[in-house]
Amino acid sequence: MKILLDTHLILWAAGKTDRLPIAAVKEIEDRENELLFSPVSIWEVAIKRGLGRDDFQVDPRVLRRGLLDNGYRELPVTSEHAVAIDGLPPIHKDPFDRMLVAQALVEGITLFTIDKKLVSYPAPIRKL
């Protein structure tokens, strides 16, 4: 299965594994799964780190390099993803999360999240 991790799951997988839900650990460790991350998550970390958010204090360059070094594949953002946002219902206001939903929808991959609002979207999303 191809899995796109949301930003919080990426942060926890990269440094705070004790915060990861057991279901996430199981899926991340399953060698049959292809783990993906979006540049949107790196962008979110950079923006929120710059704003001084305590939960986003990782260097985005180090985070990206660590993900790549650990076998995660970067899922590029395309204009098709951007256009797909236009068709999403206004369930969630966070632009980062909306782009992750659009990517999952367009690519037909499963977005793993801890955000209970995201599972309301008509997309392949799994709350852990």
Side-chain angles (χ1 to χ4, degrees):
M1 168 174 33
K2 289 185 178 183
I3 299 170
L4 177 62
L5 298 177
D6 79 358
T7 306
H8 277 95
L9 289 175
I10 284 174
L11 288 170
W12 296 345
K16 296 186 178 190
T17 54
D18 59 313
R19 301 227 28 214
L20 279 171
I22 293 169
V25 172
K26 185 177 175 182
E27 296 292 352
I28 289 169
E29 291 178 350
D30 185 343
R31 298 244 182 231
E32 297 294 315
N33 291 332
E34 182 178 358
L35 302 173
L36 304 159
F37 73 95
S38 174
V40 170
S41 292
I42 305 301
W43 178 36
E44 181 176 11
V45 169
I47 295 289
K48 291 181 178 178
R49 179 179 188 230
L51 294 172
R53 289 263 309 257
D54 288 338
D55 52 341
F56 288 87
Q57 287 307 306
V58 63
D59 183 323
R61 289 171 285 286
V62 172
L63 177 61
R64 179 180 181 273
R65 183 78 263 149
L67 290 167
L68 292 170
D69 288 349
N70 284 288
Y72 288 73
R73 188 171 62 85
E74 187 171 345
L75 176 64
V77 176
T78 68
S79 58
E80 185 177 7
H81 299 146
V83 169
I85 290 174
D86 187 51
L88 293 177
I91 295 168
H92 204 294
K93 294 181 182 183
D94 185 308
F96 303 109
D97 287 333
R98 289 175 61 82
M99 180 56 88
L100 294 175
V101 169
Q103 286 185 289
L105 188 60
V106 168
E107 301 298 328
I109 57 181
T110 304
L111 173 62
F112 279 16
T113 185
I114 58 163
D115 190 328
K116 61 185 173 203
K117 285 185 182 179
L118 290 184
V119 295
S120 297
Y121 279 106
I125 301 171
R126 186 166 150 201
K127 183 186 176 301
L128 301 175

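All figures in this text were calculated on a predicted structure; none of them were measured in a lab.
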S.K.: Let me confirm one number: the CG-CG distance from L88 to L105, rounded to the nearest 0.5 Å.
M.R.: 6.5 Å
S.K.: Looking only at heavy atoms, what is the nearest atom pair of F96 and K48, with distance?
M.R.: CE1-CE, 4.2 Å
S.K.: So which heavy atom on Q103 is nearest to which on S38, and how close?
M.R.: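 Between these two residues, the closest heavy atoms are OE1-OG, 2.7 Å.
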S.K.: Measure across P60 and A46 and return the closest heavy-atom pair with its distance rounded to 0.1 Å.
M.R.: CG-CB, 3.9 Å
S.K.: Please determine if K117 and D115 form a salt bridge, counting it only when a charged side-chain N lies under 4.0 Å from a carboxylate O.
M.R.: no
S.K.: Mind checking whether F56 and I47 sit in one hydrophobic cluster, side chains of I, L, V, M, F, W, Y counted as touching below 4.5 Å?
M.R.: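 No; I47 is not reachable from F56 via cluster members.
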S.K.: Rounded to the nearest 0.5 Å, what separates atom CD in E107 from atom CG in L75?
M.R.: 5.5 Å
S.K.: Could you grab the distance from atom OG1 of T113 to atom CG of D97, nearest 0.5 Å is fine?
M.R.: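 Between T113 OG1 and D97 CG, I get 6.0 Å after rounding to 0.5 Å.
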S.K.: In the structure I gave you, are the side-chain heavy atoms of T78 and V106 within less than 4.5 Å of one another anywhere?
M.R.: no
S.K.: Where is the tightest heavy-atom contact between A23 and R126, given as atom of each residue plus distance?
M.R.: CB-NH2, 4.3 Å
S.K.: Closest heavy-atom contact between L35 and I28?
M.R.: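 Nearest pair, atom of L35 first, then I28: CD1-O, 3.7 Å.
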S.K.: Output the distance between atom CD (E27) and atom CD1 (I22), rounded to the nearest 0.5 Å.
M.R.: 13.0 Å
S.K.: Are side-chain heavy atoms of S120 and P89 found at a separation under 4.5 Å?
M.R.: no
S.K.: Within the supplied structure, the quantity of interest is the number of heavy atoms (other residues, nucleotides, ligands) at a distance under 6.0 Å from R73 CZ; does it exceed 12?
M.R.: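 Yes, enclosed.
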S.K.: Is it the case that more than 12 heavy atoms not belonging to L51 sit under 6.0 Å from its CG atom?
M.R.: yes
S.K.: Test of understanding: clusters of I, L, V, M, F, W, Y form through side-chain heavy atoms closer than 4.5 Å, transitively. Do I114 and M99 belong to the same one?
M.R.: no
S.K.: Please find out if less than 6.0 Å separates the ring center of H8 from that of F112.
M.R.: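 So the answer is no for these two rings.
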S.K.: By the definition side-chain contact (heavy atoms from CB on, under 4.5 Å), identify the one residue from L36, L4, L5 that meets it with I10.
M.R.: L5
S.K.: Side chains of Y121 and L111: does their closest heavy-atom pair fall under 4.5 Å?
M.R.: no
S.K.: Quick check: closest heavy atoms across L9 and A24, and the distance to 0.1 Å?
M.R.: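 Between these two residues, the closest heavy atoms are CD2-CB, 4.4 Å.
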S.K.: Assess whether atom CG of D69 is packed by more than 12 heavy atoms of other residues, nucleotides or ligands within 6.0 Å.
M.R.: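 Atom CG in D69 is crowded, with more than 12 foreign heavy atoms closer than 6.0 Å.
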S.K.: Taking the side chain as every heavy atom from C-beta outward, state whether V83 and E80 have any pair of such atoms under 4.5 Å apart.
M.R.: no
S.K.: Under 4.5 Å between side-chain heavy atoms, counting indirect links through other Ile/Leu/Val/Met/Phe/Trp/Tyr residues: same cluster for V62 and V45 or not?
M.R.: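 No, V62 does not connect to V45 through the hydrophobic network.
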S.K.: Between CG of L11 and CZ of R19, what distance do you get to the nearest 0.5 Å?
M.R.: 10.0 Å
S.K.: Indicate if L128 and V119 have the same hydrophobic cluster label, given that clusters are the connected sets of ILVMFWY residues with side-chain heavy-atom separations under 4.5 angstrom.
M.R.: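 No, separate clusters.
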S.K.: Any link between M1 and I109 through a network of hydrophobic side chains (Ile, Leu, Val, Met, Phe, Trp, Tyr) touching at under 4.5 Å?
M.R.: no
S.K.: For the CD atom of E44 and the CG atom of L100, what is their distance to the nearest 0.5 Å?
M.R.: 7.5 Å
